[in-house]
Amino acid sequence: MAPPIAEWSKLEIRAVVRFLFAKGTKCSVIYREIVENYGEHAMSMTQVYHWCSWFKDGRTSLQDEPMSGRPNTANNDWNTARVDEIIKVDRRVKLKEISLKLDLPKTNVYEIAHDKLSYRKVSARWVP
């Protein structure tokens with residue numbers, strides 16, 4: 001009986017796929033071997049075929065490729081400077097107005113103003 005999936009790392013299973021593929025084993029046989037040794041939830045047949053295809057195309061890394069798209073956070077130095085500038089121009093500006101001007105989520109604007117710049121609202125004005 002194979003241990004639960006949590007005990008097997010993805011990289012270990014991918015290494016097995018790469019090893020068996022390098023030996024010339026067909027993808028369907030690789031999938032059966034993985035199911036037999038790691039359990040049916042270790043890797044789907046589709047994923048085995050994807051990895052075989054990638055190894056055939058010359059891929060050597062077992063790591064996931066970096067994902068494209070929006071960065072994890074908008075709290076960078078450039079956005080911090082922009083928020084600070086808007087607050088200094090108009091101390092009565094609201095978070096929603098800043099988020100609309102900068103096209104940032106309101107929660108990120110709040111984090112920048114409160115946590116990074118240490119501004120607080122006192123009598124409807126932003127004060128350091």
Side-chain angles (χ1 to χ4, degrees):
M1 178 77 183
I5 184 65
E7 292 184 27
W8 301 111
S9 88
K10 286 189 210 177
L11 296 179
E12 179 182 355
I13 296 170
R14 291 174 186 173
V16 170
V17 173
R18 182 171 64 181
F19 173 75
L20 292 174
F21 181 79
K23 284 179 59 175
T25 309
K26 291 183 179 181
C27 295
S28 58
V29 176
I30 293 172
Y31 175 71
R32 276 188 254 130
E33 288 285 327
I34 288 173
V35 168
E36 183 180 309
N37 292 299
Y38 291 96
E40 61 188 46
H41 300 293
M43 184 182 275
S44 69
M45 182 181 279
T46 305
Q47 283 300 308
V48 171
Y49 277 90
H50 281 299
W51 281 100
C52 287
S53 173
W54 293 329
F55 293 139
K56 183 179 179 182
D57 291 340
R59 181 174 177 165
T60 57
S61 172
L62 301 176
Q63 301 287 336
D64 289 325
E65 293 292 323
M67 298 294 215
S68 64
R70 192 173 192 147
N72 290 339
T73 180
N75 298 349
N76 54 39
D77 293 336
W78 188 63
N79 286 333
T80 301
R82 293 167 57 198
V83 170
D84 191 33
E85 181 182 325
I86 290 172
I87 291 175
K88 285 180 179 176
V89 169
D90 179 11
R91 297 250 181 215
R92 292 182 182 264
V93 69
K94 296 178 180 161
L95 288 176
K96 184 160 182 105
E97 294 171 5
I98 298 172
S99 71
L100 290 174
K101 282 182 185 177
L102 301 180
D103 193 30
L104 293 173
K106 190 174 159 186
T107 55
N108 287 26
V109 174
Y110 176 86
E111 287 176 15
I112 291 170
H114 282 232
D115 300 338
K116 286 185 136 187
L117 298 173
S118 300
Y119 281 113
R120 302 287 181 255
K121 275 281 200 171
V122 178
S123 299
R125 289 185 188 203
W126 288 103
V127 292

Nearest-0.5 Å distance that lies between atom [atom1] in [X] and atom [atom2] in [Y]:
X: Leu62; Y: Lys10; atom1: CG; atom2: NZ; value: 12.5 Å
X: Lys94; Y: Lys121; atom1: NZ; atom2: NZ; value: 7.5 Å
X: Asp57; Y: Cys52; atom1: CG; atom2: SG; value: 11.0 Å
X: Asn79; Y: Ile98; atom1: CG; atom2: CD1; value: 11.5 Å
X: Ile86; Y: Leu95; atom1: CD1; atom2: CG; value: 11.0 Å
X: Ile30; Y: Phe19; atom1: CD1; atom2: CZ; value: 10.5 Å

Would you say the side-chain atoms of [X] pair up with the backbone N or O of [Y], donor to acceptor, closer than 3.5 Å?
X: Arg18; Y: Phe55; result: no
X: Arg120; Y: His114; result: yes
X: Ser53; Y: Tyr49; result: no
X: Asn37; Y: Glu33; result: yes

Review point. Given side chains that start at C-beta, do those of Tyr31 and Met43 come closer than 4.5 Å, heavy atoms only?
Key: no

(message) Using the rule given for side-chain contact (heavy atoms from CB on, under 4.5 Å), can you reason through Arg59 versus Glu65, listing the C-alpha separation, both sets of side-chain angles and the distance that settles it, and then say yes or no?
(response) CA-CA 11 Å; Arg59 181 174 177 165; Glu65 293 292 323; 3.4 Å; yes

Flag yes if more than 12 heavy atoms outside Lys26 fall under 6.0 Å of its NZ atom; otherwise flag no.
no

Less than 3.5 Å apart, any donor N or O on the side chain of Asp115 or Tyr110 sitting next to an acceptor on the other? no

Should Asp90 and Arg125 count as an ion pair when the cut-off is N to O under 4.0 Å? no

| task | Output yes when Lys101 and Glu85 qualify as a salt bridge under the 4.0 Å nitrogen-oxygen rule, no when they do not. | result | no

How far apart are the closest heavy atoms of [X] and [Y], and which atoms are they?
X: Thr80; Y: Ile112; answer: CA-CG2, 3.7 Å
X: Asp64; Y: Arg14; answer: OD1-NH2, 2.8 Å
X: Leu104; Y: Val109; answer: CB-CG2, 4.0 Å

*Verdict with supporting geometry, Tyr119 and Lys88, side-chain contact (heavy atoms from CB on, under 4.5 Å)*: CA-CA 11 Å; Tyr119 281 113; Lys88 285 180 179 176; 3.7 Å; yes

Joint cluster assignment, [X] & [Y], ILVMFWY side-chain distance < 4.5 Å:
X: Tyr38; Y: Val29; value: no
X: Val127; Y: Val93; value: no
X: Met45; Y: Val16; value: yes

Check your understanding: On the ring face of Trp126, is Arg91 found with NZ or CZ under 6.0 Å from the centre and within 45° of the axis?
Key -> no

Assess whether side-chain contact (heavy atoms from CB on, under 4.5 Å) is satisfied between Lys56 and Phe21, documenting all intermediate values.
CA-CA 8 Å; Lys56 183 179 179 182; Phe21 181 79; 3.7 Å; yes

